[in-house]
Every structure is written in C-alpha cells, then in structure tokens.
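Input: a single structure, listed below in structure tokens.
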Amino acid sequence: MGVRIGSEKFFDRVDKGINNEFMRKAVVEAQTRLEGRKTKTQEEMGNWEDWRDLSEEIRQHTLDNLDFYLEQFAENVAEQGGHVFFAESAEEANDYITNVVKKKNAKNIIKSKSMVTEEIGMNEALEETGCNVVESDLGEWILQLDDHDPPSHIVVPALHKNKEQIRETFHEKRQYSNSSDPNELALFAREQLRKDFLSAEVGITGCNFAVAESGSVSLVTNEGNARLATTLPETQITVMGMERIVPTWKELDILVSMLCRSAVGQKLTSYITGLTAVKEDGDVDGPEEFHVVIVDNGRSKILGTKYQSALQCIRCAACINVCPVYRHVGGHSYGSIYPGPIGAVLTPLLDGYEDHKELPYASSLCAACTEACPVKIPLHELLVEHRKDIVEKTGKIGFAEKMAMKGYAKAASNPNLYKMGTNMAPSYIKSIAKSEEDGKGKGVGPVKLWTNIRDLPESDGNSFRKWFENRSKGGDQ
Amino acid sequence: MKVSLFLTCLADVVYPASVGQSTVEVLERLGCEVDFPKKQTCCGQPAFNSGFHRESKEVAQHMIKTFEHAEYVVSPSGSCVSMLKEYPHLFADDPDWADRASQLADKSYELTQFIVEVLKVEDVGAELEANVTYHTSCHMTRLLGVRDAPMKLLANVKGLKFTELPNKQQCCGFGGTFSVKMVPISEQMVNEKVEHIEETNADVLIGADLGCLMNIGGRIERQGKPVKVMHIAEVLNSQGS
Ligand code: SF4
C-alpha cells in the first residue's frame, strides 16, 4: 500500500469526508468512547503527568541510544537461533520477506495487525509472488475483504464502517447470510479465519515493542490473533520499525501500560504476547524459524533532527481520538496510512512534502494532541516546524502569501504603518462585515474566505486609542 | 502596581473599543496604574504559526523594545500572551535577544491570570444578569496553562447564571490562518461549537480570546442566532443595571 493512499487531491478528500455522514457519526462516537475511557484509566494512575514524563524519558533515552539497543536486540535474537535483517528501504524489506517465504515454498500467510507492513506495501509484494496473505485482525480482515479499503485509524482500522456495511461485504465476498449483529459477524469471521490460521505456513506480525535485553518481541491485541499467528505456522516473520524498541522488560511494562490505557482505555488488553526466538525441544508450539525485519525506510533520517521526537510514538492513537480536525474529516482525508496529528507530522517526513504539503496546515494548532500524547510528543509544535520548512526550504508557498506575510511583518514592526492600518480598518471592516445578499462573503483573498462563512464584528471606529488618549487628557472623566 | 496594557491587534483594529476600555477600567478599579505603550502592534503569531519565523522575529523584536520599560504586561488574550512566551524559543540562537525576550515573557500575563495570580483577587465586584456559558480557549488553557482563573472570577460575578459548555475543551476552529486556509474544516468545527452553545440555552457566550470570539461570534451572526458574545473583560467590568 505504501504511506500514501489514493490519488485524490487534499480538498476533494476533505469534502468527501465532510459529506460522509455515517463516517462522521462513527468517528464522533468512537472519539467520545475512547477518550472517555482513557480519561478514566488515566485517573486511576493518579499522577498521570509523572507517568508521561517517565514514558517520554524512556523513549528519548532509547532513541538517543538506538544503535546500542538495536545491536543488543539483534545479538540476542541471533544467539537464540533467530535471524535479523536490517532493511534500509521498503524494497529491501519486501525482498527479504518474499525470499524467506519462497525458500519455505510457502503459499499461505497469516498476518496480525501491523502498520509498518502497510507502510512498506508488504502484502502487495507477497501477493505478486503468488502468495495468499490473510489479515487476522478483525478490522483489517474486513478492509481486506472489501477490496483493500485503506485503514482510517491506526488502532481501529475499520472505524469508518458500520455493521450494515460489514454485513454487506461479508455477504458479497463470502456468501454470509446472517444478520448484522456484531456477535454473529464476529463468529462468522472467526470460523472463516480459523481455516486460514490452520493452513498458514508463515505467520507475519508487527511488533509493539522489542525488548533489547532478551531479544523478544511483544504484541498487544484484544483478539488473540497475534498469538495464533505466532504459534501455529512453522515460520514466523516479525516486521518492526527500527524505533520500536525498549531496553528491558521494566520499560516494556511501563510503556505497555501507557499504550493500553491511551489506546483503548484498558489497564491491559486481553492479550499481551511476549515471544522469544524459536521453539525449543519439548515445546509444544511456537515457530521453528524466526525472522525479524527491522525497517528503516526514512526513520534514520529523522533521528538527530528537530523532528526526532516523532519517533517516540507508540502508535496509541490518543492524539487522533482527541483531534477536532480528524473528528470532522475522518482518516481517509489525510491521504496517508497514518492519519490524524501524528500522521500529519510523520507522513511528510516519511514520504516527502510533494504529495502531503497540506497536512501540516490541516490543524488549528489547538494542541489537544500534544496534551493527549502519553509520550509527550509536541505534535502541534512539530506541525509548525513543518510549516517553517515548507516556507524556508521548499518554495511551495504562493507569491501572494509570501507578500502578505512580508507586508504584515512590515506593518507590525513599524508603528507608523500600523497606525495607518488601524485608522483605515474600521470603515473597511464595516463595508465587508456582513455577507452579500446571496450569503457569500465580501472582500478578496483571506477576507473573502473568512466572510464566506462568518460575519465580522462591526467596529464602530471609536477605537480604543482615541478613547485612551482622550481620557488621559481628562476628557473622559 | 504599574501595568502596561498589550491590547492585541484584534482588540485594537477589528473590535470596538469596549474590550480595551473594560480591561483598563477593571485593572484601575483594582488599584493598578495602566499605561498604554502607543507603539505596540501585534504579537507576531500570524507569521509564526504560518512558518514565517523570520518575519515573526521582526515583529517580536519590535514588541520586546516597546514593552522593555514595563513592570508587568497584561493582555486580554491568552493566545497572544502564549505567543509572547514563545519569544525566547524564537531567539534560541541569539543570546542577547533571547535574554530580552525572556524578560518580556516572564512579566507577561493574561488578564484573568494577572488578577487572580498577581493581584490575588477573585471577586472584582462585577454584576451582570445573564444566562451565560464560557468557551475555554485552547491556547489559554493548553499553552498558557490558565484554566481556573476565569472560572474563579466568573463565579463571583453577581447575577450570572452559568451553564458549562458541552465538549468545552474542543477547539472552535479559529486557529488564526487555519480559519481561512482550511475553511471547510474550520466551518465544521465552528458549527459544532455553536450547536453546543445552543444546547446550554445561554444568552451570552463569554470568552477570553478575541480570535475565538470573532470566529464563533461571526458564525453565530451569520446563522442569525440570538446569542451575544462578550469578552470576559467586559463581563468583569459590568456593574449591573
Ligand atoms: S503521537 Fe503520541 S498520542 Fe499520537 S499515536 Fe503516537 S504516542 Fe499516541
């Protein structure tokens, strides 16, 4: 799939999102539910801000010493019979994975949820070699059945679909004939997936956190699918972004707790799976062959820059669940597999400004995301940094805006020019404050954009300055 | 106590004089001597948030000079004060200016914050008969960290019947240039805000930031709704009828 989804223009996507009433209702409900639950579990922790500080510190320390921990992790995996591959690019990762699968003569692959495999387009790469790749996370499975509809949320990928739509998809693709009752739908999915679990030769997972001290990977799910995907198939491949690492189990404990609370408002999810290397003599299940693919794909270019904190992300979606922009436009409007505030920060870093130049501006900088983030990524500040780089480095700013900003700076740093403005403004504002007869705005440029949907206050020309001057002369007393 | 008023460009240029007037009168009633440095302009936030940091610095330098003499800088806007607090970061690689910027940042307060935290007053003796609700602006609460001060002051205004705004923490969709760059999204956000205001049955929406009030009020006017918008300074300056 790659980072980018779809080819529509930004404002067309936004219009589509805004007009999708069902999706918007689903988003509002999900935000209310998830945010409410998060607040509750946060309160249970007592000193949430201290936990955030600690989590930030763990993530920062790990990123500052990433080479050390990655090496330690890789050595520990190898020592216990696993294989580690560092992939610089998506292509390298996919080549390695398809080769492992080929060597095993495998055709059937079962997957648990993983954003990084979406990012590198792994499914497509495997399907091109003739493999049958099945997503086992319920949400991802629904999207896969529905002709690879892209995810609209990083934790709840099918958030934009309702049960009727899901029933329709099941009916059309798998001749499902029961009702749209969520229990019945889930039962059907379970029956269908069970066959795929049993026939899979290779299981592919993502990784919530890799533990450097023991060479283990951990997976956080509510469906238990990751556990099946890692115990039944003979071969396991875990794909992880290079930043997804913790030094020891102690830090894992803290971050998993922060993740579960922030993502779904649970103390812990139903399954937290920790996996270390291959099955040993006497073990009943577990893989005989274990591969870890550590994906860079642009991450090392972020390290050491002002954007490094974006790599602290633990993919909990708390920022998405409080975002007022996401609330109204939905995930697909971002045109990226990573939507919401973290998506607006990360997408241009991973995939460039060319296709994503609007994303940093699709925020009112209300900072709700920054406040929600359990690892304290200053998301709204990073969006401003993007805007700064767009202005200073890309040449993607229109002439009119550049001139307007230069003019603004001149006027706002020169009292005489500014005074001229304040003298002229009231009568101008009066002339454009209300809409035209047809309800459209008056004026030009930004003024028209403003007045298209809003009036302006009617300044009475009795400016504050006159009043203040007058009274200091004794006129007002 | 000597206080220098930073009026903000919106109160200066776009709004009638009453927000500034009320700010001065409330402060004076509480014993402050208020001066108004005439050379003041804008905090620089429009350029800063748009990524034009060079331009923003020009404006910031002018503001730093204009308020260098001040003992305290008080402003009827949480958002603009949070921008003044951003100045030291803006000049991070220029120690001289960073130092002057820090001095300004340290002595700058939003109006309600100043009354409660510095003057230690929670009852300004105001009176206003009205059904009201209050919009907690994002920059004021999240960037400046001022949440309680306006609540404490409003709680002591005689005659106010207060209803909390549902989803009060949600942005109104102003966001400076966001409101004109991303009109379709901003429109949805402000529509939802207006719906919540209507749910409270308030006659007056109070706020402490003219940016938000201009956005919400402008939308309310356009929709022809009967809700009036007041800046908190105007409420605190009300003396009943
Ligand atoms: S940026 Fe923070 S809040 Fe958003 S997904 Fe990442 S960790 Fe969670």
Side-chain angles (χ1 to χ4, degrees), chain A residues 11 14-15 18 322 324-325 327-329 360-368 370-371 384 386-392 397 401 405-406 408-415 418 421-422 425-426 429 434-435 439 446 449-460 462-468, chain B residues 7 9 11-17 19-21 24 36 38-42 44 46-56 58-59 61-62 66 138-139 142-143 169-190 192 214-215 217-219 221-222:
Chain A
F11 280 104
V14 165
D15 270 347
I18 286 175
V322 295
V325 171
R327 183 181 185 84
H328 295 292
V329 303
Y361 298 95
S363 162
S364 61
L365 304 179
C366 76
T370 302
E371 186 181 59
V384 173
H386 270 309
R387 296 178 186 185
K388 186 171 171 229
D389 283 348
I390 290 173
V391 169
E392 291 175 7
I397 292 287
E401 183 174 356
M405 281 300 163
K406 286 213 179 320
Y408 159 80
K410 274 262 137 11
S413 55
N414 180 327
Y418 182 82
T422 57
I429 290 171
K434 300 279 174 202
S435 66
L449 289 169
W450 175 277
T451 56
N452 262 340
I453 64 163
R454 323 166 185 87
D455 286 359
L456 274 168
E458 280 191 74
S459 176
D460 52 10
N462 169 29
S463 91
F464 172 85
R465 287 175 190 256
K466 279 189 229 154
W467 172 81
F468 194 85
Chain B
L7 183 61
C9 61
D12 195 3
V13 182
V14 184
Y15 267 83
V19 175
Q21 247 169 272
V24 172
F36 178 76
K38 277 193 205 152
K39 288 186 174 169
Q40 64 179 275
T41 53
C42 168
F48 181 82
N49 282 353
S50 303
F52 286 82
H53 289 198
R54 221 168 301 155
E55 285 73 7
S56 183
E58 266 179 61
V59 181
Q61 283 172 332
H62 172 71
T66 305
C138 303
H139 287 180
R142 297 200 184 100
L143 303 190
Q169 78 293 346
Q170 227 159 52
C171 176
C172 71
F174 175 60
T177 49
F178 174 81
S179 62
V180 290
K181 265 194 179 205
M182 295 279 157
V183 175
I185 308 175
S186 175
E187 181 180 10
Q188 298 305 314
M189 288 161 73
V190 71
E192 188 180 353
M214 185 167 82
N215 181 43
R219 188 66 185 154
E221 284 278 312
R222 180 61 55 90

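Chain letters run A, B, ... following the sequence lines, proteins first, then strands; residues in each count from 1.
For A/V391 against B/S50, the heavy-atom pair with the smallest separation is CG2-O, 3.5 Å. Of all heavy-atom pairs between A/Y408 and B/G44, the closest is OH-CA, 3.0 Å. Nearest heavy-atom pair across A/A362 and B/F178 is C-CE1, 4.1 Å. The two atoms that bring B/H62 and A/A412 nearest to each other are CD2-O, 3.6 Å, heavy atoms only. Taking all atoms of both residues into account, the shortest heavy-atom contact from A/P457 to B/M214 is CD-CG, 3.8 Å.
Ion pair A/R454/B/E221 not flagged as a salt bridge, since none of the NZ, NE, NH1 or NH2 atoms sits closer than 4.0 Å to an Asp/Glu carboxylate oxygen.
Side-chain contact between B/K38 and A/P415 is absent, with no heavy atoms from C-beta onward closer than 4.5 Å. The shortest side-chain heavy-atom distance between B/M189 and A/S364 falls under the 4.5 Å cut-off.
Partners of B/E192 under the side-chain contact (heavy atoms from CB on, under 4.5 Å) rule, at least two apart in sequence or in another chain, are A/R327, A/H328, B/N167, B/Q170, B/H196.
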>> side chain to side chain contact (heavy atoms under 4.5 Å, CB included), that's the test. Do A/I453 and B/R222 meet it? Break it down for me.
In response: CA-CA 7 Å; A/I453 64 163; B/R222 180 61 55 90; 5.6 Å; no
>> Quick one, A/Y361 with B/M182, criterion side chain to side chain contact (heavy atoms under 4.5 Å, CB included). Give me CA distance, side-chain angles, the key distance, then yes/no.
In response: CA-CA 8 Å; A/Y361 298 95; B/M182 295 279 157; 3.7 Å; yes
>> Determine whether A/V384 and B/H53 satisfy the following criterion, side chain to side chain contact (heavy atoms under 4.5 Å, CB included), listing intermediate values before the conclusion.
In response: CA-CA 10 Å; A/V384 173; B/H53 289 198; 3.5 Å; yes
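Ring-centre distance between B/F36 and A/F464: below the 6.0 Å cut-off.
Side-chain atoms of A/R387 come within 3.5 Å of backbone N or O of B/N49 as a donor-acceptor pair. Without hydrogens or angle criteria, B/H139 side chain to A/L365 main chain gives a donor-acceptor distance under 3.5 Å. The backbone N or O of B/V59 lies less than 3.5 Å from no partner atom in the side chain of A/S413, so there is not a single donor-acceptor pair.
Counting only residues at least two apart or in different chains, salt bridge (Lys or Arg N to Asp or Glu O under 4.0 Å) contacts with residues 170-184 of chain B comprise A/E401-B/K181.
At a 4.5 Å heavy-atom cutoff, the contact between A/Y418 and chain B is made by side-chain atoms alone. Of the atoms belonging to A/N452, it is backbone heavy atoms, and not side-chain ones, that fall under 4.5 Å from chain B. B/V19 does not touch chain A: none of its heavy atoms, backbone or side chain, sits under 4.5 Å away. Contact of A/S363 with chain B is made through the backbone alone, with heavy-atom distances under 4.5 Å.
Ring planes of B/F174 and A/W450: perpendicular class, angle over 60° (limits at 30 and 60°).
Within the model, atoms CG of B/L143 and CD of A/E371 stand 9.5 Å from one another, a figure rounded to the nearest 0.5 Å.
For the set B/G51, B/A11, B/C171, B/C9, the count of heavy-atom pairs under 4.5 angstrom toward chain A peaks at B/G51. Highest contact tally toward chain B, considering only A/I18, A/V14, A/V329, A/V322, is held by A/I18 [criterion: heavy-atom pairs under 4.5 Å]. Chain A forms more heavy-atom pairs under 4.5 Å with one residue of B/K39, B/R142, B/E55, B/E58 than with any other, namely B/R142. Between chain A and the options B/G173, B/G217, B/P46, the largest number of non-hydrogen pairs under 4.5 Å is found for B/P46. With chain A as the partner, the residue from B/T177, B/T66, B/V183 showing the most heavy-atom pairs under 4.5 Å is B/V183. Of the listed residues (A/L449, A/I397, A/N414, A/I390), the greatest number of heavy-atom pairs within a distance under 4.5 Å of chain B belongs to A/L449. Put simply, of B/Q40, B/Q169, B/Q61, the one with the most heavy-atom pairs under 4.5 Å next to chain A is B/Q40.
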